[in-house]
Amino acid sequence: MDHLLMRDVRLVPVRAGDVVPDAPVDIRIRGGEVTEVGPGLAVEDAEVVDGGGGWVIPGLWDHHVHLAQWTLASSRLDLSPARSAADAVRMVRERLDEWPDRPVIGWGHRSTAWPEEPVVSMLDAIDTDQPIILIAGDGHHGWLNTTALVTLALPVREGVVSEAEWFRAYGRLATVIGDDGSGPDAYRRTFDGAACLGVVGVTDFEFSGGFREWVERRRGGADTLRVRMATYADGLDEVIAAGLRTGDRLPECDDGIRMGPLKIISDGSLNTKTAWCCEPYVGPSPMGSPLGHPNQSTEELHELLRRATEHGLDAAVHAIGDQAVAEVLDAFEATGARGTVEHAQLVRREDVTRMAALGVVASVQPAHLLDDRDVSERLWPGRGDRCFALRWMLDDGVRLAMGSDAPVAPLDPWLAMAAAVHRTADEREPWHPEQSITAREALAASTDGLGVVAPGHPGDLVLIEADPLAELGSPAEVSAHLRGMGERVAGTWVAGRRVYP
């Protein structure tokens, strides 16, 4: 059916200044686009959906996802409860006791706070000939046994595999686990799980694969959500040779799968103490770098941005530390590139102002602040007021695009919104509440830049049983209300096609 009429729904004023009717309206979608909004629209030849007086918002986007990793997460050993290397080793032993003939792929440990450093010999002491690959919760290092190192063609060593070397090795995991559960059926299940939360699209920053893989996924049924596929530097030549520019439909694919940005990882992460900062970390420094470090030289970063711009690609540049953010903004200014700073976790006030002046989008994952609050205070003491500085960003006119970085945080936009509003997930007071934003601002940053549903919008809609912007009391109450919205989603449509339920 190419003609949908949604009856008796209330519009939500997503952005400041949006004006909505006091009474329910109808919404008509033809050819995948909203064509008419108003009361009492004629049925004509439409498929009719009774909205029952529910609330309609534009479809939600997660602007930063690693889709293959998120798809695989449910089958991996959850190491997030581990509080020491010994804890993690015990959990691995228990997994091998249950499944002795399978490799162990773990995810989620955060070793920065552990009393000891994870080393290869600890895993080698486990009586198994299976590869053991334990991926850090921020995705920036892998702790492997020697069997896994050899299988992945990595040099044998005692320490973890980190940053660029790890990102390259990650794409070879299929050599360890064979059919890795990331085929079209698995992606379709991932999409179904996202659609039930009101998600209609994601920007995929997966390390492996390329646009040719998406042809098979879409043909295999992973076709319900919109996807923007990023490329990394090692895939840039192939993308350029194919003539793909940001926003182009991928070859042999449907309209829902399009070329995204060039992704550049300019520095490391907080938990590995490799994010590049203006001031030193507290405590020992890995690789003798008390400030963290960049992953490219200034010249290399500028050249990547120039190539992206020359060939019509936006740039999405990972920058977590404040020195990395400053360096990336210098590169945007020098090259005239367009795009985003991904994460922007620690920023200086003057760099937020620069970000606005340059038109660079801040792509931030607010749920990370729930996990990183304590480690930030320990490793970056006195800098918490500049972490996840969402209020500064919006006050200065920076466009904010929110996401999850799944599987680092769950692919759940309502969790991200709640974190942005309340900035705590436990009984403690909010962490630097002066950087909180409103529920409306958080919702606006979780769509694809759209305000209240109107003619000309894509037919990407979410019907909710309750008003997500209901007037409530404290930030804690607003946050709890937002967290509950995922269970109140009554339907999700992409281009007028119902994808949930």
Side-chain angles (χ1 to χ4, degrees), residues 66 68-152 154 156-163 166-167 169-170 172-182 186 190 193 269-273 286 367-368 370-375 378 404-412 415 425-426:
H66 298 272
Q69 294 185 63
W70 178 241
T71 299
L72 287 165
S74 62
S75 64
R76 290 176 169 170
L77 174 62
D78 179 13
L79 292 173
S80 59
R83 294 296 174 262
S84 67
D87 273 355
V89 168
R90 174 183 53 77
M91 295 166 74
V92 171
R93 288 184 189 276
E94 290 171 354
R95 172 59 68 95
L96 284 166
D97 286 344
E98 184 177 3
W99 292 327
D101 298 324
R102 298 187 191 179
V104 177
I105 312 293
W107 172 272
H109 67 275
R110 295 179 180 271
S111 55
T112 305
W114 288 357
E116 71 277 77
E117 291 290 325
V119 292
V120 170
S121 57
M122 295 175 180
L123 300 180
D124 283 350
I126 299 173
D127 183 19
T128 181
D129 57 1
Q130 293 295 326
I132 301 171
I133 301 170
L134 310 182
I135 305 167
D138 59 10
H140 278 250
H141 82 245
W143 176 21
L144 285 63
N145 68 353
T146 298
T147 301
L149 290 168
V150 172
T151 304
L152 291 175
L154 290 164
V156 174
R157 87 284 305 278
E158 180 69 347
V160 299
V161 184
S162 62
E163 302 301 337
W166 170 244
F167 300 147
Y170 183 87
R172 303 195 293 273
L173 280 190
T175 64
V176 176
I177 52 181
D179 180 7
D180 62 0
S182 61
T190 293
S269 71
L270 167 64
N271 281 278
T272 56
K273 298 205 285 190
H368 289 357
L370 307 177
D371 295 323
D372 285 350
R373 173 179 185 166
D374 292 330
V375 70
R378 184 172 67 255
S404 65
D405 201 13
V408 180
L411 201 171
D412 181 351
L415 172 63
D426 51 35

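Looking at V161 and L152, their side chains never come closer than 4.5 Å, going by heavy atoms from C-beta outward. At a threshold of 4.5 Å between non-hydrogen side-chain atoms, the residues L123 and L144 do not count as touching. At least one side-chain heavy atom of L134 sits less than 4.5 Å from a side-chain heavy atom of V104.
R102 places no side-chain N or O within donor-acceptor distance of the main-chain N or O of P100, the cut-off being under 3.5 Å. In this structure, the side chain of D124 engages the main chain of T146 through a donor-acceptor pair within 3.5 Å.
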What side-chain donor-acceptor pairs closer than 3.5 Å can you find for residues 90-99, not counting sequence neighbours?
unit_1 : atom_1 : unit_2 : atom_2 : d
R90    : NH1    : E94    : OE2    : 3.2

Pair V160-W166, side-chain contact (heavy atoms from CB on, under 4.5 Å): steps then yes or no: CA-CA 9 Å; V160 299; W166 170 244; over 6 Å; no
Trace of the side-chain contact (heavy atoms from CB on, under 4.5 Å) decision for D138 with L270: CA-CA 9 Å; D138 59 10; L270 167 64; over 6 Å; no
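Taking every heavy atom of both residues into account, A113 and R378 meet most closely at CB-NH2, 3.5 Å. When all heavy atoms of A406 and P410 are compared, the pair lying nearest together is CB-C, 4.4 Å.
Sparse packing is recorded around CD of E117, with 12 or fewer heavy atoms of other residues, nucleotides or ligands lying under 6.0 Å away.
A search for side-chain contact (heavy atoms from CB on, under 4.5 Å) contacts involving W114 returns A82, A85, A88, H109, S111, E116, P118, W143, not counting sequence neighbours. Judged as a side-chain contact (heavy atoms from CB on, under 4.5 Å), and not counting sequence neighbours, the contacts of T147 are P131, N145, T151.
Taken to the nearest 0.5 Å, the OG1 atom of T272 stands 6.5 Å off from the NE2 atom of H140. Separation of atoms OG (S162) and NZ (K273) is listed at 13.5 Å; rounding is to 0.5 Å. Considering CD1 of I105 and CD of Q69, their distance stands at 11.5 Å, rounded to 0.5 Å. Interatomic distance, H66 NE2 to L411 CG, rounded to the nearest 0.5 Å: 11.5 Å. Annotation: the span from L77 atom CG to W107 atom CH2 amounts to 13.0 Å, rounded to 0.5 Å.
R110 pairs with exactly one of D87, D372, D374 by the salt bridge (charged side-chain N to carboxylate O under 4.0 Å, His left out) rule, that one being D372.
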